[in-house]
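Each ligand, and each atom within it, is numbered from 1 in the order the structure gives.
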Amino acid sequence: MLQPKLKSKVRCTDLDIGEVTKVVLDPLSHEISHIVVSMNGSGERQVAMGHVQAVTDDFVQLRAPSTDILALPPFRREDYVTTHEVEISHLEDNIHVTPGEVLVPLPELEKNVKRRAFFMNFTHVIGFLIGLPIAYPIVRFLMKPMYASFDNEWLNVGNVSKIKHDDVGVQFKYKKKVKEAYMPEYEVEKNVWVLRATSELLEKVYKDKDMDFHDAKGKTIWTNKKTIPYVAFSGKCPHLGCAFKWRQHKTLGQVFLCPCHLSIYDAAGKVLDGPAPRALDALPVRVSAGGDVEIIDMEFKAGTKSQIRIV
Ligand code: FES
């Protein structure tokens, strides 16, 4: 099927409903996943390519009646960025649309930034209402968890028997209790990637040096020995914090692939492609005599070249 073009007329099974104003790309497959249709004065709707029956040079024929398309939720431009705003290598190579708005979904983490900004403003308003004389101790009390030192507890994330092959990323999920500022404690699901590493992989990860991890004061709390054949990586991509996967790449073999902006890392965590500013974040890891895999859950600032611990 031809690719839908910007400005093409869009035709439902019963009538013409408008024209294509934007296309949305799936950052993983590099294919068009949706078209955005301006509905002749009724706003814009995002229509999945599954609804498209045929594409000609001037028309996009949908297999649904106009009432079905009108019933779709209005298109939310703020959930997307243009392909010029993100660096995803070769993203538009296969896309032959006239220059215009070609969008990719905004990663979840960036959406959360807006939510965090909202909470920060909310805190400011409360502080103002309480009044300056008493605001400081109250705000200080409310914000106390933010000043707490890092949590360096060991967490059991599963059994090593889950790992069947060397140098292959295996995801371990775990739950962690989180306390943020004045919010009640809640539980989040997190994950790490653990590999049983051959000596070649250990060499790439550790470069012949043991790896130290530090507490908030810079004191060494654990050392991953360069000869212990287990490596754990934080489940967050160092670019903007998206979750990544272990995938087969057509030319690079098995890699860690982040779908948000297509950063690619080898099994040692080294960046092979994409906008990631640093390698995957290795975590303290140990395996008990009974095969329990334990990690210290650490988080590092996203988007920075050097590793800055934040949790
Ligand atoms: Fe951007 Fe992973 S968050 S590449």
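- Inclusion of His261 in the first shell of atom 1 (Fe) of ligand 1 is supported: an N, O or S atom falls under 2.8 Å.
- Using a 4.0 Å cut-off to heavy atoms of Cys242, the atoms of ligand 1 that qualify are 3 (S).
- The closest side-chain heavy-atom distance from Thr21 to Phe75 is not below 4.5 Å.
- Residue contacts to atom 2 (Fe) of ligand 1: Cys237 brings an N, O or S atom closer than 2.8 Å.
- For atom 1 (Fe) of ligand 1, the set of nearby N, O or S atoms under 2.8 Å includes none belonging to Cys258.
- With ligand atoms numbered from 1 in the order given, ligand 1 contributes 4 (S) to contacts under 4.0 Å with heavy atoms of Ser263.
- Summarising the geometry of Asn152 relative to Arg309, their closest heavy-atom pair is OD1-NH2, 2.8 Å, with the distance given to 0.1 Å.
- Both tests pass for Lys162 against the ring of Phe172: distance under 6.0 Å to the centre and angle within 45° of the axis.
- In terms of distance to atom 1 (Fe) of ligand 1, the nearest N, O or S atom of His239 is named ND1.
- In this pair, Phe244 and Tyr265 present their aromatic rings tilted. The plane angle is within the 30 to 60° band.
- Between Phe233 and Leu195, the closest side-chain pair of non-hydrogen atoms falls below 4.5 Å.
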